[in-house]
Amino acid sequence: DRQKHIRNFSIVAHIDHGKSTLADRILEMTDTVSKREMQDQLLDSMELERERGITIKLNAVELHYHAKDGETYIFHLIDTPGHVDFSYEVSRSLAACEGAVLVVDAAQGIEAQTLANVYLALDDDLEIVPVINKIDLPSADPERVRQEIEDVIGLDASDAVLASAKKGVGIEEMLEQIVQNVPAPTGDLEAPLKALIFDSVYDDYRGVVLSIRVVEGTVKPGDKILLMNSNTTYEVVEVGVNSPKPLKRDYLMAGDVGYLTASIKDIQDTRVGDTVTFADNPTEKPLDGYREMHPMVYSGLYPTDNAKYNDLREALEKLQLNDAALEFEPETSQALGFGFRCGFLGLLHMDVVQERLEREFNMDLITTAPSVTYDVELTDGTHVNVSNPSEMPESTLIKQINEPYVKTEVMVPNEYVGAVMELCQRKRGTFVTMDYLDDYRVNVIYEMPLSEIIFDFFDKLKSSTRGYASLDYELDGSRASDLVKIDILLNGDKVDALSFISHRQFAQERGRVIVDKLKTIIPRQNFEIPIQAAIGAKIIARTNIKAYRKDVTARIHTGDPDRRAKLLDKQKRGKKRMKAVGTVDVPQDAFMAVLKTD
Ligand code: GTP
């Protein structure tokens with residue numbers, strides 16, 4: 001009977017359409033958190049999420065809703081991120097739900113990630129509850145958006161909830177629709193345990209904490225469990241739910257979403273997507289895993305202090321448990337020493353991982369510019385994958401380089417179509433097609449090299465469409481391209497961590513831009529430093545950093561000790577992120593210079 005009163009749902013939306021604010025209102029409305037405890041974006045518990053105002057990790061919370069029919073329902077709300085880099089997290093949380101609240105901004109309408117996420121939900125056969133949010137905005141046009149949901153997605157939006165998460169309008173109606181339209185979970189309570197691991201996080205006291213959705217059976221402390229894919233057994237210590245603080249329970253049963261601990265210390269053993277069952281009486285076959293996600297971009301992470309190499313490895317292992325899309329393997333660089341080549345879903349993901357390593361694990365890192373993986377066909381017929389530009393084989397050994405391509409969909413008002421096409425063309429894109437969504441919105445589809453997308457495409461797209469364009473992309477095989485490796489020499493020495501791959505057509509220009517950029521980034525030292533860009537033995541651009549003359553504090557007199565201290569402090573902080581490369585001190589920014597193409 002309890003099962004009939006459970007509703008498991010997610011909220012999906014394009015970034016900034018108001019998911020987290022809506023989740024806050026739901027928590028308030030259901031008295032899950034008291035007014036005193038309430039803070040904005042409660043589910044975005046990571047410090048980084050609050051600061052940036054974005055959701056990175058999914059969060060599951062249990063709440064109780066007293067519906068108009070007089071019954072009390074148990075809601076499991078799973079918040080999901082909206083950014084394209086994190087769609088992996090979205091598909092994982094959807095697998096634990098029967099329904100999804102689709103939030104669409106009443107002024108912006110449907111955007112690229114609205115579509116991408118709602119398709120994920122429809123693929124999983126979830127019941128969709130459409131909500132048109134931000135109706136308080138002067139520019140809101142809910143009727144247009146209602147029509148758009150019907151025309152573009154093909155959902156019946158005649159009963160779509162009109163809401164303002166900010167003003168608290170429409171929240172109750174939405175909760176009622178969840179009760180009415182989202183089906184209760186089914187699943188045999190008597191069957192052997194079958195539960196899906198959809199997230200995991202390491203806790204120093206409790207070991208690994210698994211987030212699970214129980215599909216069949218029940219689980220309680222003392223049960224002997226088997227993680228089916230990793231084939232390891234444990235004894236359950238505690239089960240419970242987050243509300244949003246952890247609350248112990250006697251058991252979790254089919255339909256429940258909650259957490260489980262079992263003194264799991266070895267973080268390698270728990271894989272998101274694995275199935276938990278009983279060791280003695282296992283379920284017949286594991287649940288289908290999730291769609292696997294593969295990294296799109298790679299970069300090198302090096303501790304500024306070489307002695308911290310093992311700490312970095314441990315930090316990456318812990319982070320990986322909580323971020324299944326992160327990959328890493330050891331690598332060495334002549335310039336930077338021992339570090340790791342890490343794979344990310346995109347640049348935002350890369351940024352987030354770096355910041356979490358710095359904040360949560362106190363690491364001081366030097367990171368190299370991101371690169372895609374090239375499939376290199378050698379003259380002897382063999383293939384190698386190259387995700388570190390400095391490892392590109394000699395050009396005489398290469399028959400052909402294939403680079404990953406993506407199919408990009410840019411959704412934009414039709415007045416900006418020209419600007420979008422020009423940009424795509426400039427980024428080596430090939431036009432595929434153009435669909436009119438309605439009278440003024442167009443979906444422009446191009447095939448483009450992934451490497452062009454990861455650089456500054458999104459920023460350029462936003463600025464050339466005054467922020468109106470939204471972007472979605474998916475991998476679409478690889479194509480042969482005329483690519484070359486460009487090396488950077490500082491003081492005559494090749495710095496492997498600064499090498500990058502460019503299309504031959506842009507090589508000269510990019511070599512020039514980068515040496516000029518490095519000249520402004522690398523501080524002057526007491527000798528002159530030549531900077532050169534080269535393809536093989538051929539120098540394509542060069543410049544010099546002049547020797548420096550003055551001490552920064554020389555001009556400041558003793559009368560102003562405060563200012564002097566501040567300056568020295570600033571200098572010290574700047575130094576922290578420097579790496580001595582041969583005889584030259586190179587700051588972190590230099591390794592990212594290749595990303596700035598103009
Ligand atoms: P991500 O977590 O980054 O995917 O974004 P989100 O969809 O969770 O959006 P969030 O809740 O962070 O809201 C984005 C912005 O829109 C914030 O500045 C909110 O204050 C604002 N916002 C949310 N709902 C409303 C609303 O109903 N009306 C108005 N005017 N603003 C809103």
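As the structure lists them, so they are numbered: ligands from 1, and atoms in each ligand from 1.
Nearest-residue assignment for atom 21 (C) of ligand 1 (options His14, Lys167, Lys134; heavy-atom criterion): Lys134.
Atom numbering of ligand 1 starts at 1 in the shown order; those under 4.0 Å from a heavy atom of Ser20 are 2 (O), 6 (P), 8 (O), 11 (O). The ligand atoms of ligand 1 that sit less than 4.0 angstrom from a heavy atom of Asn133 are 24 (N), 25 (C), 27 (O).
Proximity of Lys166 to ligand 1, defined as any heavy-atom pair under 4.0 Å, is shared by backbone and side chain alike. Contacts with ligand 1 closer than 4.0 Å are made by heavy atoms of both the backbone and the side chain of Ser164. Heavy atoms of Thr21 found under 4.0 angstrom from ligand 1 belong to the backbone as well as the side chain.
A salt bridge is absent between Glu127 and Arg7; no separation between the charged side-chain nitrogens and carboxylate oxygens falls under 4.0 Å. Using a 4.0 Å cut-off between charged nitrogen and carboxylate oxygen, Lys4 and Glu71 do not count as a salt-bridge pair.
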Validation: residues 175-187 side-chain donor-acceptor distances under 3.5 Å, sequence neighbours left out:
from	atom 1	to	atom 2	distance (Å)
Glu176	OE2	Tyr65	OH	2.7
Glu176	OE2	Lys68	N	2.9
Gln177	NE2	Asp159	O	2.8

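Checked against a 3.5 angstrom limit, the closest N/O atoms of Leu22 and ligand 1 fall outside it. At under 3.5 Å, not a single nitrogen or oxygen of Leu137, backbone or side chain, sits near a nitrogen or oxygen of ligand 1. At least one N or O atom of Asp16 sits closer than 3.5 Å to an N or O atom of ligand 1.
For Glu143, the salt bridge (Lys or Arg N to Asp or Glu O under 4.0 Å) partners are Arg146, not counting sequence neighbours.
Taking all atoms of both residues into account, the shortest heavy-atom contact from Gly255 to Ile6 is O-CG2, 3.7 Å.
Side-chain contact between Met448 and Ile453 is present, with at least one heavy-atom pair separated by less than 4.5 Å.
Taking the six-membered ring for Trp and thresholds of 30 and 60 degrees, Tyr73 and His5 have ring planes inclined between 30 and 60 degrees apart.
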